[in-house]
Amino acid sequence: MYVVKAQEMRELDRQTIEDLGIPSTVLMEVAGRAVAQEVKRRRRGSCKVTVLAGHGNNGGDGLVAARHLAEAGYDTHVWLVGKVERFSDDARRFWEVCQRLSIPTRVFSEDQQEALQRSLDEADVVVDSLLGIGLSGNVRPPMKEVIRMVNRSAVPLVVAADVPSGVNTDNGAVMGEAMRAHCTVTFAFPKWCHYLAPAAELAGDCVVADIGIPQSLAAQYPVASRVTDMAHWAQHVERRPAFSHKGSFGHVLVVGGKGGMSGAPALASRAALKAGAGLVTTAVPRGIQSVVAGYTPETLTLGFGKGSDDRWTADSVMPLVERVNDYDSLAIGPGLGRFHGDVEWLRTLLSAVESPVVLDADALNILAADLRLLDDCQAPVILTPHPGEMARLLQREVPDVERHRPEIARELARETGAVVVLKGRFTITAFPDGRQFVNTTGTPAMAKAGSGDVLTGMIAANIAQGMSLDVAVPLAVSLHGCAGEVAAERDSEFSVLATDIVDHIGTAFSVARSNEPPGFTDTFPGK
Ligand SMILES: NC(=O)C1=CN([C@@H]2O[C@H](COP(=O)(O)OP(=O)(O)OC[C@H]3O[C@@H](n4cnc5c(N)ncnc54)[C@H](O)[C@@H]3O)[C@@H](O)[C@H]2O)[C@H](O)CC1
Ligand SMILES: [K+]
């Protein structure tokens, strides 16, 4: 499924209406009916519905929904928060239809606050069709007050049309005031605000309604961002040939660890094995080699430095360089730490590697010292920053990163030629050619030390098994989230460990593989 910005959506609307010839009123009718369907699905039997409509097309959707709900026996009242003379053509049409059907309609004005408050207090359902993707700037009065009134009322069910009114469609920001909805019915394609805080929280559970705009239009129009699910990626994993051996599934080298952080490379290595790599070697300072070796007996280990060394040193680079091309993929960074000469250490290492290399954790912090380190690297690079590491890489502030996740991930991928995995809720995988994949799997249970190390190992494992980066990286991101979900279901949200994520990689994959890939994913998990 494509993920679109407001302008892309408007262009796809235009193409559908003007080039394809589907009338805009048909789109509005189908959109409004989808909103009504969702209300009926959530509130069976008649109840009191208050529809709040703006004078734009978002309002038009609400007016169509009002008609369908009234028709189904719901006690439906419409409030226009706007000016009748400013109605869009289509919204006006459906306003007049409501009036011809004697559906109670009122135009909100300042002296109607008490009447509106009563209507909200009596409502079992409020349909929010005040503002959609046409919002520009901060929400102006009286919309702002009305949104605040709804948010302060204990309405049992608020269903937003397209987006919660008052959120910025493209970056998820609250534009002064924004509706808190239990559910959002968005049309044709999910918008970026459904994957960006705080809008993603305000939208509640999201449903993507197919209103007749062909998905193929987005492919022609340069929409390069998509949301996928594990069933989609599971299709790309081939069954294993009967005559296989451990060398058939690649050899991963994990480079990292230091005293006090021996678990990170150990976790990454174990995760790589659980994700399917045939062999994994963990390269660590000699002083922690035995503890790392003891964690997963199936991993091989390499010790660097003298017996008591529990930190990396610059002079370990040449012994490493001699070996790096014995492996099908590398993961550098888990627990690595910083050390004197580490920038040159990484530069020398990257200039020698030929296999794809994942840079995570302190390898990213070293890279932040000089992004040109990648210039000498001929191998494909995958960067897996969390927002803090991304902020350091780009010398920006974390809130700035979080406000512009898609753009920043795309900017770093284009600037470095690397595949960028910007982690967080709705992790974004960005490719240098502009393509982006938004991940919808995962759970807050994964906010735990070691979770990122596990993902690093899973990415390296997929690559070592021969998957293209196009699949290896977003597949690992999606499966990592699924494993966390399975672990959280079997345990509790607060008690999942990174080792639990590792332990449930296989189970999560089996679950995903058993789910038929949806043709058109029309719902995606709640927040
Ligand atoms: N995606 C589709 O295929 C369809 C989408 N539909 C719906 O149309 C809206 C977009 O409609 P549009 O008229 O462009 O804009 P809005 O209704 O969202 O709002 C514009 C309206 O609101 C006023 N306004 C703008 N900014 C502010 C502000 N800061 N404060 C107060 N008021 C503001 C402005 O005056 C405009 O009149 C989309 O979201 C869908 O819901 C189609 O109906 C079906 C097909
Ligand atoms: K809305």
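We count ligands from 1, going down the list as the structure has it; atoms in each ligand are counted the same way. Just so it is clear, the model here is predicted, and its values are computed rather than measured.
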OD1 (Asn58) to the K ion (ligand 2) to O (Ala161) angle, given to the nearest 10 degrees: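 The OD1/O angle about the K ion (ligand 2) sits at 80°.
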Short N/O/S contact of [X] with the K ion (ligand 2) (below 3.4 Å):
X: Leu131; answer: yes
X: Gly132; answer: no
X: Ser165; answer: yes
X: Asp162; answer: no

Verify whether one side chain among [X] and [Y] offers a donor that lies under 3.5 Å from an acceptor in the other.
X: Thr50; Y: Trp79; value: no
X: Asp128; Y: Ser165; value: yes
X: Gln7; Y: Glu11; value: no

Applying a heavy-atom cut-off of 4.0 Å, say which part of Asp13 lies close to ligand 1: side chain, backbone, both or neither.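 Under 4.0 Å from ligand 1, Asp13 contributes side-chain atoms alone.
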Would you kindly specify which portion of Leu131 sits under 4.0 Å from ligand 1, judged on non-hydrogen atoms: side chain, backbone, both or neither?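 Near ligand 1, Leu131 shows its backbone as well as its side chain.
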Heavy-atom distance under 4.5 Å between the side chains of Glu407 and Glu411, does that happen here?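 With C-beta onward as the side chain, the pair stays apart.
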Side-chain heavy atoms of Arg490 within contact of His504, under 4.5 Å: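 Yes, at least one pair of side-chain atoms sits under 4.5 Å.
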Taking the N/O/S atoms of Asp128 one by one, which is nearest to the K ion (ligand 2)?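 So the atom name we want here is O.
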Output the list of atoms in ligand 1 that are nearer than 4.0 Å to some heavy atom of Gly56, sorted by atom number.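 Every atom of ligand 1 under 4.0 Å from some heavy atom of Gly56: 13 (O), 17 (O).
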Going by heavy-atom distance to atom 41 (O) of ligand 1, choose the closest among Asp61, Ile213, Leu63, Asp90.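 The nearest heavy atom belongs to Asp61.
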Given Ala188, Gly134, Gly59, Ser88, which has its nearest heavy atom closest to atom 19 (O) of ligand 1?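 It is Gly134 whose heavy atom sits nearest to atom 19 (O) of ligand 1.
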Looking only at non-hydrogen atoms, find the nearest pair between Thr440 and Tyr195 and report the distance.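 Nearest heavy atoms, Thr440 then Tyr195: CG2-CE2, 3.8 Å.
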Do other residues, nucleotides or ligands put more than 12 heavy atoms under 6.0 Å from the CD atom of Glu71?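 Atom CD in Glu71 is not packed in, count stays at 12 or less.
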